[in-house]
Trainee: 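First, the structure itself, so that you have it in front of you.
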Amino acid sequence: MPLAASAPSLTASPLLFFPRLVEWQRRHGRSGLPWQGTRDPYRVWLSEIMLQQTQVTTVLGYYSRFLERFPDVRTLAAAPQEAVLALWSGLGYYSRARNLHRCAQAVVEQWGGAFPASAEQLQTLPGIGRSTAAAIAAFCFGERISILDGNVKRVLSRLLAFDGDLATLAQERRLWALAQDLLPAAPSHDEMVAWTQGLMDLGSSLCSRSKPDCAACPGTGLCLASAQARTGEFPVRTRKLKRSTVEWWWLLLRRPDGAVWLERRPAEGIWAGLYSLPTYGSRAEGLAAFGGEPALRQEHETLRHTLTHRDLVLRPLELDWSAALQEAPGSACAAPGLWVQHQSDLDLGLPAPLRSLLERLLPA
DNA sequence: GACGCGTGGCA
DNA sequence: TTGCCAAGCGT
């Protein structure tokens, strides 16, 4: 490598990173993932949405099943939202699934069933933000445009010793502009694919958060943070997560045949649109809704479930449901719902802890 | 601009 | 245990 490793310049040297990373990706990057090796915008889009804030190993279990059920954008657009949520169940961030569904309908109705071919147009669609639009445009259309996800923020902030606070939008925009500046004037489609994939591959392997392997990195000699032994200082991000605890009482209404009543959650908030158990903020409130203490059959073990910003304490109360009272609890809950009797009835959008609970309680 | 939104992995 | 983070977006 004819490279001056001693005094990397802020202006010229970073441009050498592009060919280095492209070459590294082709030799050492990930290949063979189910969504790689295609330029079909539908498949790339689906993978990008699933991979938002979600690790590759988690997505692997969902992607193929989803494609099998919804092989193209028209099939997805024509499906009921519930069917989409059912296949998304357990993947989290369910607004992604709702927006995915809306996006498919927009592609069919506004674009004749073909995804638009530029990042600018892609970004107008529901659930497709700046980074996802760039990823689809780069992978599928070879557009000269940069992504900026968590991996890229780490890689580039180290490469450039960028010390702006990425908790602020202004600094994020600065880094985005720098990312765009790293691109050559006229990259080929194949180069844009390798570069985009390479940024993510590098960030998820060598350029890891805690122990980056700088010796093996294609940025050796270019990376300012590495040269200054300051990789631990980047990226800078001051935002702190504050998490609060919420206590929910879950009612397990049991029919004599063992079936359990589920109701659909509201369209906004936690687990929006998913099926769950009737939920109350206190024990007394929950019991009062369905016959009080006499109906109480069992207090189940308390469950704890952590969301991004909430620690949920879930207290399931099992109540006898007397069919003599009403045909379905829905009228009492003022919510649409259904009875589930067997594990095979759980082909529904369910929160992860509830699926786990029901799989223990219901017979196969 | 800051916060709400799931789940699982890891140090 | 606890906190942080992962192919972010919408509001």
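Lettering follows sequence order; numbering is per chain, from 1. Hydrogens, waters and symmetry mates are skipped; everything else that's a heavy atom, side chains included, is used.
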Trainee: On DNA chain B, nearest-nucleotide positions of A/Thr168 versus A/Ala352: which is more 5'?
Mentor: A/Thr168
Trainee: What is the distance, to the nearest angstrom, from the CZ atom on A/Arg243 to the P atom on B/dG4?
Mentor: 12 Å
Trainee: Find the distance A/His309:NE2 to B/dG6:C1' and express it as a whole number of Å.
Mentor: 10 Å
Trainee: Students often get this wrong, so: under 4.0 angstrom with heavy atoms, is A/Lys242 touching a base, only sugar-phosphate, or nothing?
Mentor: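 Answer is sugar-phosphate: A/Lys242 comes under 4.0 Å of backbone atoms only.
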Trainee: Can you confirm whether the side chains of A/Arg310 and A/Thr245 place a donor and an acceptor under 3.5 Å from each other?
Mentor: no
Trainee: In whole angstrom, what separates A/Asp311's CG from C/dT2's P?
Mentor: 9 Å
Trainee: Taking only nitrogen or oxygen atoms into account, show me every contact under 3.5 Å that the protein makes with nucleotides 8-11 of chain C, one pair per line with its distance.
Mentor:
{"unit_1": "C/dG8", "atom_1": "OP1", "unit_2": "A/Gly150", "atom_2": "N", "d": "3.1"}
{"unit_1": "C/dG8", "atom_1": "OP2", "unit_2": "A/Gln53", "atom_2": "N", "d": "2.5"}
{"unit_1": "C/dG8", "atom_1": "OP2", "unit_2": "A/Gln53", "atom_2": "NE2", "d": "3.0"}
{"unit_1": "C/dG8", "atom_1": "O5'", "unit_2": "A/Gln53", "atom_2": "NE2", "d": "3.4"}
{"unit_1": "C/dG8", "atom_1": "O3'", "unit_2": "A/Thr132", "atom_2": "OG1", "d": "3.3"}
{"unit_1": "C/dC9", "atom_1": "OP1", "unit_2": "A/Gly129", "atom_2": "N", "d": "2.9"}
{"unit_1": "C/dC9", "atom_1": "OP1", "unit_2": "A/Gly129", "atom_2": "O", "d": "3.3"}
{"unit_1": "C/dC9", "atom_1": "OP1", "unit_2": "A/Thr132", "atom_2": "N", "d": "2.9"}
{"unit_1": "C/dC9", "atom_1": "OP1", "unit_2": "A/Thr132", "atom_2": "OG1", "d": "2.8"}
{"unit_1": "C/dG10", "atom_1": "OP1", "unit_2": "A/Gly127", "atom_2": "N", "d": "2.5"}

Trainee: Compare side-chain N and O positions of A/His305 against OP1 and OP2 of B/dT7 and report whether any pair is under 4.0 Å apart.
Mentor: yes
Trainee: Whole angstrom is fine here: how far is it from NZ in A/Lys153 over to C1' in C/dC5?
Mentor: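 After rounding, the reported distance stands at 12 Å.
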Trainee: Answer with base, sugar-phosphate or nothing: what part of the nucleic acid does A/Ala135 contact at a heavy-atom distance below 4.0 Å?
Mentor: nothing
Trainee: Take the protein atom CZ of A/Arg310 and the nucleotide atom C1' of B/dC3, then report the distance between them rounded to whole Å.
Mentor: 10 Å
Trainee: By the 4.0 Å heavy-atom rule, please label A/Val152 as base, sugar-phosphate, or nothing.
Mentor: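 The answer is nothing, as A/Val152 stays clear of every strand by at least 4.0 Å.
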Trainee: Could you list all the ring-ring contact (aromatic ring centres under 6.0 Å, His included) pairs where at least one residue sits in residues 139-160 of chain A, not counting sequence neighbours?
Mentor: none
Trainee: Indicate, with a heavy-atom threshold strictly under 4.0 Å, whether A/Gly269 touches base, sugar-phosphate, or nothing.
Mentor: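 Sugar-phosphate: the residue A/Gly269, judged by heavy atoms under 4.0 Å, touches backbone atoms but no base.
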Trainee: Could you go through residues 160-168 of chain A and list every donor-acceptor pair under 3.5 Å that involves a side-chain atom there, pairing it with any protein atom two or more places apart or in another chain?
Mentor:
{"unit_1": "A/Asp165", "atom_1": "OD1", "unit_2": "A/Ala167", "atom_2": "N", "d": "2.9"}
{"unit_1": "A/Asp165", "atom_1": "OD1", "unit_2": "A/Thr238", "atom_2": "N", "d": "3.1"}
{"unit_1": "A/Asp165", "atom_1": "OD2", "unit_2": "A/Thr238", "atom_2": "OG1", "d": "2.6"}
{"unit_1": "A/Thr168", "atom_1": "OG1", "unit_2": "A/Asp165", "atom_2": "O", "d": "3.0"}
{"unit_1": "A/Thr168", "atom_1": "OG1", "unit_2": "A/Gln171", "atom_2": "N", "d": "3.3"}

Trainee: Heavy atoms only, 4.0 Å cut-off, all strands: where does A/Trp45 land among base, sugar-phosphate and nothing?
Mentor: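 Answer is nothing: A/Trp45 stays at 4.0 Å or more from every strand.
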Trainee: Could you tell me if the side chain of A/Leu67 sits less than 4.5 Å from the side chain of A/Leu46, heavy atoms only?
Mentor: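 Contact flag for A/Leu46/A/Leu67 side chains = yes.
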Trainee: Listing request: all ring-ring contact (aromatic ring centres under 6.0 Å, His included) pairs with a residue in residues 193-234 of chain A, at least two apart in sequence or in separate chains.
Mentor: A/Phe17-A/Trp195, A/Phe18-A/Trp195
Trainee: Taking the P atom of each, how far is C/dT1 from B/dG6, in whole Å?
Mentor: 24 Å
Trainee: Starting from C1' on B/dC3, measure out to CG on A/Leu307 and report it in whole angstrom.
Mentor: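 Going from CG in A/Leu307 over to C1' in B/dC3 covers 15 Å.
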Trainee: Touch check for A/Arg154, heavy atoms < 4.0 angstrom, all strands: base, sugar-phosphate only, or nothing?
Mentor: sugar-phosphate
Trainee: Please confirm whether the ring centroid of A/Trp271 lies under 6.0 Å from the ring centroid of A/Tyr94.
Mentor: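 Between A/Trp271 and A/Tyr94, the centre distance exceeds or equals 6.0 Å.
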Trainee: With DNA chain B as reference, determine whether A/Arg98 or A/Leu169 sits nearer its 5' end, using the nearest nucleotide of each.
Mentor: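 The residue closer to the strand's 5' end, by nearest nucleotide, is A/Leu169.
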Trainee: Round to the nearest Å and state the distance from A/Met50 atom CE to B/dG8 atom P.
Mentor: 15 Å
Trainee: What's the shortest heavy-atom distance between A/Pro218 and A/Leu206, and which atoms?
Mentor: CD-CD1, 4.2 Å
Trainee: Please confirm whether A/Phe115 and A/Trp45 have ring centers closer than 6.0 angstrom.
Mentor: yes
Trainee: Under 4.0 Å between a side-chain N or O of A/Trp271 and OP1 or OP2 of B/dG4?
Mentor: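 Answer is no, no contact under 4.0 Å.
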Trainee: Under 4.0 Å, heavy atoms only, any strand: does A/Thr306 hit a base, just the sugar-phosphate, or nothing?
Mentor: base
Trainee: Identify all pairs in which a protein N or O lies below 3.5 Å from an N or O of nucleotides 9-11 of chain B, and state each distance.
Mentor:
none

Trainee: If you go through the side-chain atoms of A/Thr308, does one of them form a donor-acceptor pair with the base of B/dG4 closer than 3.5 Å?
Mentor: no
Trainee: Can you check the distance between C/dT2 and B/dC5, where both ends of the measurement are the P atom (answer in whole Å)?
Mentor: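 So the two P atoms sit 22 Å from each other.
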Trainee: For residues 122-146 of chain A, which residue pairs qualify under side-chain hydrogen bond (donor to acceptor under 3.5 Å, both in side chains), counting only residues two or more places apart or in two chains?
Mentor: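 The answer is A/Gln52-A/Thr132.
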Trainee: How many whole angstroms separate atom CZ of A/Arg237 from atom P of C/dG3?
Mentor: 14 Å
Trainee: In terms of side-chain heavy atoms, does A/Arg158 have a donor or acceptor partner in A/Thr231 at a distance below 3.5 Å?
Mentor: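 A/Arg158 vs A/Thr231: no donor-acceptor pair found between side chains.
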Trainee: Flag yes if more than 12 heavy atoms outside A/Glu120 fall under 6.0 Å of its CD atom; otherwise flag no.
Mentor: no
